[in-house]
Protein chains: 2
Amino acid sequence: MNVNGQHYQSIWFDESDGSVNIIDQTCLPHRFEIASLKNLQDACHAIEAMQVRGAPLIGVTAAYGMYLALREDPNQLAVALDRLAATRPTAVNLQWALSRVNAALRNTVVAERAAAALQQARAIEEEDSAICEAIGENGAVLLQEIWNAKADLSNPLNVLTHCNAGALATVDWGTALAVIYKTAAAGVPIHVWVDETRPRNQGASLTCWELAQQGIEHTLIVDNAGGHLMQQGLVDCCVVGSDRTTVSGDVCNKIGTYLKALAAHDNNIPFYVALPVSSIDFTLSDGIAEIPIEERDAREVSHLEGIDEYGDVQQVRLCPEEVAISNYGFDVTPARLVSKIITEKGVFAAEQSLLQKLRA
Amino acid sequence: MNVNGQHYQSIWFDESDGSVNIIDQTCLPHRFEIASLKNLQDACHAIEAMQVRGAPLIGVTAAYGMYLALREDPNQLAVALDRLAATRPTAVNLQWALSRVNAALRNTVVAERAAAALQQARAIEEEDSAICEAIGENGAVLLQEIWNAKADLSNPLNVLTHCNAGALATVDWGTALAVIYKTAAAGVPIHVWVDETRPRNQGASLTCWELAQQGIEHTLIVDNAGGHLMQQGLVDCCVVGSDRTTVSGDVCNKIGTYLKALAAHDNNIPFYVALPVSSIDFTLSDGIAEIPIEERDAREVSHLEGIDEYGDVQQVRLCPEEVAISNYGFDVTPARLVSKIITEKGVFAAEQSLLQKLRA
């Protein structure tokens, strides 16, 4: 992705000092800061504190976390796997990346473990970027079709997205936003409605920042607004990401995605989900019954971080002090509300008979 | 309503000094403050700055605004009507209250105008409180039926509400929350899921505060969470208010209401709208096409007010500085998603053949 005119990834390995670097997303949009991960603890903290977030990026970070752990102590393999696996419960890529690193270490002597883990992490990193670019290209075909079918070309193609499924959620390109970048690159005038995405406001803070850096026109809205915009004909399609997808096509994504899918369905607007095949959990077929939904800290709801009139980052409390709070991080959009699933392997209807063929 | 153990209304006339007093809702939940309205300008400011909000309370405040205006200058009748009518575009009660005061003044000599307006305002105030209490009683019958039909009584009756349709939105009792208060008074254990209601957070700030003061169990959630809770069987019914209702049963309420109605419909959960007959606009039958939706200041989205670690009220900015923002205040829930309309005159299906009989 482009940051102040320079190319960046969300995570990268620095050969000069053997460090793993990330864009610290907790500082955005107010400050652009790079954090350096030195050990297992740093990697776990980066995932838990959401310095990195987004299912694909969590996977890559966990793989690098294995490298950092084994570099510290090649005998802490089992401990590191357990510790990293526990950082976030919902994203399937996390488990997928750890399994892959673990499998690669099976026939590796202890002294070579760190090097082998690094090789896997770098491979996952490179593949992720290529996969996201392919997702973007496959999805752009759909959006160009909508654009070509549009009667009134005086307005841009209006796409609604939720949360941040962008370059910041992956190594580069993103999933949902890759589709937008590739559509724009194909010459389609495009405008993005950005859901702010409470409670953590990844839309307001990350997606707005990322789209501005890439020069894509966008408008910030509250999460409550999308239904009204769809009713009024102001949305041509929705594109979101997925943290975990069942083989039947149920999509587990940031809380609130389900509500937007309902509104899209009610207004005959295509609802696309862009995801790497690695986020499909081939063991699950009923997302609502089977996917555990992470409950997060009440403070994410009661307190909000922003920049005050003096330019300092401050947290303020919105609600009465003693109030009970519930904070589920994700919801499940049933396959019947998903128009198409966009992957690096092509575009599919959200149907088990099609998706199960993607199993490696 | 109960505030720190004492009975208050959201607005009241003080005979001792002829002032109109309001609970200044912009200070809640962090401070409980009373504001005194002395003239037309104060009344307009109270409505525009949302020191008072909620369709019924706006109507009463506008009626008192006419009194304050005519007390200043009995010849500014037309000016005051225009000025007050322009304060908020969506709420039909505002126009209704102004028309009623104006009608009462038709055969009043200039010198008596202020007194006649005061009489109307006090009458509207009294009626509003009685109407809301009747809405609560009528709605409580529905909620008791749900409770009586519930198989598992180990959990309370779970009701989801959006925004604040409480005593703070009316003179007393509220509309949606009146239903909850009367259900609780009938002995049903009740728990309320409170949508925070971005962008102005009336749920987090006002409804949580009001429910706590009345001793009703409640949990604050982000606006994105309701769909997930409904999928998981954690919501028995939804009760919301309405700022304007078409005679066909379309409901214009706080932005985001439509999304919750879709989720309720998708999960076979009753979606009730509690409203005074005065909020029904008998001239409209297509809410989506005909109700003008107020667009409000972008700063409501970009900035958020809360209390900092030192106990001071602060505003912080959530998003990048230069971002474009769209801020629609309301949306329209079509009648097909409304299970019942609860009024002071009884409970009705959202159907024109029934609602048009309510025309006075």
Side-chain angles (χ1 to χ4, degrees), chain A residues 29-30 193-199 201 204-205 208-209 212 217-229 231-232 254-260 262-263 265-266 288 293 301-309 313-320 322-328 330-332, chain B residues 29-30 193-199 201 204-205 208-209 212 217-229 231-232 254-260 262-263 265-266 288 293 301-309 313-320 322-328 330-332:
Chain A
H30 308 302
W193 295 109
V194 181
D195 277 357
E196 67 172 351
T197 320
R198 286 281 287 150
N201 284 337
S205 56
C208 285
W209 181 85
E217 194 195 345
H218 59 283
T219 302
L220 175 63
I221 52 174
V222 295
D223 300 304
N224 283 323
H228 172 68
L229 297 175
Q231 275 182 336
Q232 296 295 326
K254 182 61 50 197
I255 190 90
T257 302
Y258 167 51
L259 294 171
K260 295 306 145 62
L262 284 166
H265 188 260
D266 199 46
I288 294 169
I293 301 294
V301 176
S302 61
H303 288 69
L304 219 140
E305 193 172 271
I307 203 153
D308 68 13
E309 57 183 317
V313 173
Q314 288 259 7
Q315 279 206 346
V316 295
R317 174 168 50 81
L318 314 171
C319 55
E322 299 295 317
V323 73
I325 287 171
S326 157
N327 183 18
Y328 290 96
F330 301 86
D331 63 20
V332 174
Chain B
H30 308 301
W193 295 109
V194 181
D195 278 357
E196 68 172 350
T197 319
R198 285 280 290 147
N201 285 336
S205 56
C208 285
W209 181 86
E217 196 196 343
H218 59 283
T219 302
L220 175 63
I221 52 174
V222 294
D223 301 304
N224 283 323
H228 172 69
L229 296 176
Q231 275 182 336
Q232 297 294 326
K254 183 61 48 195
I255 190 91
T257 302
Y258 167 51
L259 295 170
K260 295 309 145 62
L262 285 167
H265 188 260
D266 199 46
I288 293 168
I293 302 294
V301 177
S302 61
H303 288 68
L304 218 139
E305 194 172 271
I307 202 154
D308 70 12
E309 58 183 319
V313 173
Q314 288 259 7
Q315 279 206 347
V316 294
R317 173 169 49 81
L318 314 171
C319 55
E322 300 295 319
V323 73
I325 287 171
S326 156
N327 183 20
Y328 289 95
F330 301 85
D331 64 19
V332 173

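Proteins come first, then strands; the chains are lettered A, B, ... in the order of their sequence lines, and each starts at number 1.
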Exercise. Nearest heavy-atom pair of A/Val301 and B/Glu196: which atoms, and what distance?
Worked result: O-OE1, 4.5 Å
Exercise. Could you give the distance from CZ (B/Arg198) to CG (A/Asp223), rounded to the nearest 0.5 Å?
Worked result: 8.5 Å
Exercise. Any idea which of B/Val313, B/Val194, B/Ile293 has the most non-hydrogen atom pairs under 4.5 angstrom with chain A?
Worked result: B/Ile293
Seminar exercise, completed: When the 4.5 angstrom heavy-atom criterion is applied to B/Glu305 and chain A, the contacting part is backbone
For this session: Looking only at non-hydrogen atoms, find the nearest pair between A/Ser326 and B/Trp193 and report the distance.
Result: CB-CZ3, 3.8 Å
Exercise. At what distance, to the nearest 0.5 angstrom, does CG of A/Asp266 lie from CG of B/Leu259?
Worked result: 10.0 Å
For this session: Below 4.5 Å from any heavy atom of chain B, which atoms of A/Ala212 appear? Answer side chain, backbone, both or neither.
Result: neither
Problem set entry | A/His265, NE2: over 12 other non-hydrogen atoms inside 6.0 angstrom | no
Problem set entry | Toward chain B, the part of A/His30 with a non-hydrogen atom under 4.5 Å | side chain
Problem set entry | B/Val332 and A/His228, any side-chain heavy atoms less than 4.5 Å apart | no
Exercise. Of the non-hydrogen atoms in B/Val323 and A/Cys208, which two are nearest, and what is the gap between them?
Worked result: CG2-SG, 3.7 Å
Seminar exercise, completed: Distance col, row A/Ile288:CD1 vs B/Gln231:CD, nearest 0.5 angstrom, shows 4.0 Å
Exercise. Side chain, backbone, both or neither: which part of A/Gln315 has a heavy atom under 4.5 Å from chain B?
Worked result: backbone
Problem set entry | Atom pair OG1 (B/Thr219) and CG (A/Asn327), whose distance is rounded to the nearest 0.5 Å | 12.0 Å
Exercise. How close do B/Pro29 and A/Cys319 get, heavy atom to heavy atom, and via which atoms?
Worked result: CG-C, 3.9 Å
For this session: Quick one: closest heavy-atom pair of A/Asn224 and B/Asp331, and the distance?
Result: O-OD2, 4.2 Å
For this session: For residues B/Pro199 and A/Val222, report the shortest heavy-atom separation together with the two atoms involved.
Result: CB-CG1, 3.8 Å
Seminar exercise, completed: Ranking B/Ala225, B/Ser302, B/Ser205 by heavy-atom pairs under 4.5 Å to chain A gives rank one to B/Ala225
Seminar exercise, completed: When rounded to the nearest 0.5 Å, the distance separating CD1 of B/Ile325 from CD1 of A/Ile221 is 11.0 Å
Problem set entry | Interface moiety of B/Gln232 toward chain A, non-hydrogen atoms closer than 4.5 Å | side chain
